[in-house]
Amino acid sequence: MIDLKLLQKDFDVMSAKLMRKGVDNTLIEALKKKNEELKAAKTAYESLQADQNAMSKEFGQLMREKKDVTELKAKVDANKINITQALETQRVAQETLESIAMSIPNIPDDDVPDGADENDNIEIKKVLTPREFSFTPKEHWELAEQNGWIDFERGVKLATSRFSVSFGMGAKLERALINFMLNFNAKRGFEEVSVPALVNRGALEGTGQLPKFEDDLYKVEGQELFLIPTAEVPVTNLYQDEILAADELPKKMTAYTSCFRKEAGAAGRDTRGMIRQHQFHKVELVALAKPDESDKIFEEMVACASDLLTALELPHRLVTLCTGDLGFGAAKTIDLEVWLPGQATYREISSVSNTRDFQARRAKIRFKDGKENTLVHTLNGSSLAVGRTLVAIMENNQQEDGSITIPEVLKPYLGM
RNA sequence: GGAUCUUUGGCAGAGUUGGUCGAAUGCACCGGUCUUGAAAACCGGCGAGGGUUAUACCUCCCAGAGUUCGAAUCUCUGAGGGUCCA
């Protein structure tokens with residue numbers, strides 16, 4: 001959630017920043033107005049309540065002295081009607097304000113480029129040069145089927161479209177990649193955690209998936225539980241509603257989980273292969289940091305993901321997302337895109353974001369900053385999407401006969 | 001699934017005939033005195049959110065609803081934990 005106090009104080013600056021992200025100005029105006037209304041309603045209610053409390057105290061006094069209370073009771077009763085009304089006004093104002101505020105995205109950092117969509121993202125740099133093929137490289141689904149690594153039909157048989165099954169070396173490679181990534185991240189100071197794949201509404205509100213993006217989440221019938229769309233949700237919310245000691249920060253964590261997404265808005269996109277699945281494996285990085293160190297941690301996380309790709313000998317590039325392509329909670333995001341020879345294009349394989357205090361404000365994650373309690377900054381990034389990494393290995397390491405060479409760093413994990 | 005007990009500040013733990021209770025006490029933590037330094041001892045501070053220039057003031061004792069002039073304390077519902085029975 002954005003900082004309403006700041007909005008109130010620096011309305012012009014804040015609204016200009018939000019408009020860069022495409023937030024409608026009337027919505028921002030409404031938010032400011034509602035915030036003022038709530039303040040007024042609160043003040044009114046609180047002063048009535050103060051009267052009530054004072055009278056109650058007096059009431060007790062009179063009772064003890066065995067004096068007559070009928071007159072006071074009449075006054076109190078009259079006041080009560082006003083309180084009930086004032087409370088209702090306040091409740092409505094609160095609800096309206098929250099429903100608007102919760103649906104407003106984070107403010108982009110000043111150095112995030114303006115832009116409408118992914119075409120306006122800005123490339124920062126390329127790492128490793130894509131290899132020259134002496135033959136026409138195949139797409140990964142062809143290679144996957146030819147090698148017997150992935151079975152798309154049986155995935156559909158078991159569940160529905162956008163599910164697949166890995167066999168043999170395909171399955172082993174997934175496991176090897178997960179272990180390799182977790183170990184790699186651990187060496188960079190990220191502590192491994194293992195978390196639930198189902199979370200409640202509070203957790204999803206904390207990281208911003210709810211209330212706005214419920215359509216893309218799988219919900220357990222009859223329960224307020226959802227399958228996680230990313231490990232970012234459980235890991236970030238680990239410290240929900242807590243006040244951390246300053247010396248506990250930064251908290252750097254890494255977790256492997258399956259992720260589940262309905263892909264509601266992606267009909268027709270990447271229907272073939274395993275680029276976009278309803279269930280996929282991902283190793284995630286999450287960090288909680290002091291505000292003044294979050295930029296540094298952000299760079300560390302980008303470097304970690306990029307170095308991981310380099311270690312796997314996968315050519316990739318780093319891209320700064322423009323305002324239009326930035327996610328709901330992110331103040332800044334750098335995507336890592338891996339080269340896919342079969343498609344002859346770079347495709348997203350990791351996304352590292354700094355949400356600043358946006359999630360922390362929702363999730364109430366703070367730290368003791370001397371005498372003050374201050375919101376932490378939360379950061380998250382994939383390192384990496386396992387399925388897409390497997391795709392990249394298949395396409396980049398394919399030979400003319402369709403066989404695939406295994407990256408050196410994975411061999412120890414495969415008993416090779 | 002049935003019965004019963006329980007849920008308080010970072011932790012432990014008082015507080016149930018409703019009224020100076022946002023809440024005793026201990027530990028932890030922070031500051032100070034003492035000490036060459038540390039420990040011990042002693043003194044002081046120490047829950048969160050809102051509000052105010054600062055006070056006042058409001059809210060929060062698992063969550064929600066209710067009774068009452070007034071609830072951490074009473075009633076109901078729900079959730080978590082313990083014990084017993086199945």
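Hydrogens, waters and symmetry mates play no part in the numbers below; they use all other heavy atoms, side chains included. A note on names: the letters A, B, ... follow the listed sequences, proteins ahead of strands, and every chain is numbered from 1.
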Interatomic distance, A:Leu62 CG vs B:rG19 P [rounded to whole Å]
17 Å

My understanding is that only residues two or more places apart in sequence, or in another chain, count here; which of them pass ring pair (Phe, Tyr, Trp, His ring centres under 6.0 Å) with A:Phe152?
none

A:His281 ring center within less than 6.0 Å of A:Tyr256 ring center:
yes

Among residues 240-249 of chain A, which residues get a heavy atom nearer than 4.0 Å to RNA chain B?
A:Ile243

In whole Å, I'd like the distance from the CD atom of A:Glu372 to the C1' atom of B:rC46.
15 Å

Identify the nucleotide, in any strand shown, that forms a Watson-Crick or G-U wobble pair with B:rA3, with both distances under 3.5 Å; if there is none, say none.
B:rU83

Using atom C1' in both nucleotides, what's the gap between B:rA38 and B:rU33 to the nearest angstrom?
15 Å

Between atom NZ in A:Lys39 and atom C1' in B:rU52, what is the gap in whole Å?
10 Å

From A:Ile275 CD1 over to A:Gln343 CD, what is the distance, rounded to the nearest 0.5 angstrom?
5.5 Å

Nearest of B:rC58, B:rA48, B:rG50 to any side-chain atom of A:Lys42?
B:rG50

Minimum side-chain heavy-atom gap A:Leu244-A:Leu288 below 4.5 Å:
yes

What integer number of Å spans the P atoms of B:rC43 and B:rC27?
12 Å

Please check if atom NZ in A:Lys33 has more than 12 non-hydrogen atoms from other residues, nucleotides or ligands closer than 6.0 Å.
no

In Å and rounded to the nearest 0.5 Å, what is the CG to CD1 distance from A:Leu390 to A:Ile349?
10.0 Å

On a whole-Å scale, what distance lies between the C1' atoms belonging to B:rG44 and B:rA48?
23 Å

Between B:rU73 and B:rG81, how far apart are the two P atoms, rounded to whole Å?
23 Å

Closest heavy-atom pair and its distance - A:Phe180, A:Leu410:
CB-CD2, 3.7 Å

Quick one: ring pair (Phe, Tyr, Trp, His ring centres under 6.0 Å) partners of A:Phe226, sequence neighbours excluded?
none

B:rA48: pairing nucleotide in any strand, Watson-Crick or G-U under 3.5 angstrom
B:rU59

As its Watson-Crick or G-U partner within any shown strand, both distances under 3.5 Å, B:rC42 has B:rG32

Over how many whole Å does the gap from A:Leu225 atom CG to B:rG80 atom P extend?
10 Å

To the closest 0.5 Å, what do you measure between NZ (A:Lys364) and CG (A:Asn237)?
11.5 Å

Distance, C1' atom - from B:rU6 to B:rA56, rounded to whole angstrom:
39 Å

Heavy-atom count around A:Lys75 NZ within 6.0 Å, excluding the residue itself: above 12?
no

Can you check the A:Ile365 CD1 to B:rG49 P distance for me, whole Å?
14 Å

Interatomic distance, A:Thr378 atom OG1 to A:Ile297 atom CD1 [nearest 0.5 angstrom]
12.5 Å

d(A:Lys125 NZ, A:His316 NE2) to nearest 0.5 Å is 7.5 Å

Crowded around A:Lys219 NZ? As in, over 12 foreign heavy atoms under 6.0 Å?
yes

Pairwise C1' distance, B:rU8 and B:rA23 [rounded to whole Å]
9 Å

Sequence-aligned protein contact record of nucleotides 59-71 of chain B, with B where the base is within under 4.0 Å of a protein heavy atom and S where only the sugar-phosphate is
S---------BS-

Got a sec? Which of residues 83-97 of chain A come in under 4.0 Å of RNA chain B, heavy atoms?
none

For B:rA12, give its Watson-Crick or G-U wobble partner with both distances under 3.5 Å, or none.
B:rU25

Rounded P spacing from B:rA72 to B:rU83 in Å:
31 Å

Measuring only the P atom in each nucleotide, how far is B:rG15 from B:rC74? A whole number of Å is fine.
13 Å

Which is more 5' along RNA chain B, the nucleotide nearest A:Lys368 or the one nearest A:Ala54? Just name the residue.
A:Lys368

Between A:Gln61 (CD) and B:rG19 (C1'), how many Å, whole number?
10 Å

Please produce a list of atom pairs where a protein N or O lies less than 3.5 Å from an N or O of nucleotides 76-78 of chain B.
none

With a 6.0 Å cut-off (strictly less than), is the heavy-atom count around NZ of A:Lys157, excluding the residue itself, greater than 12?
no

Neighbour count above 12 (heavy atom, 6.0 Å) for A:Glu36 CD:
yes

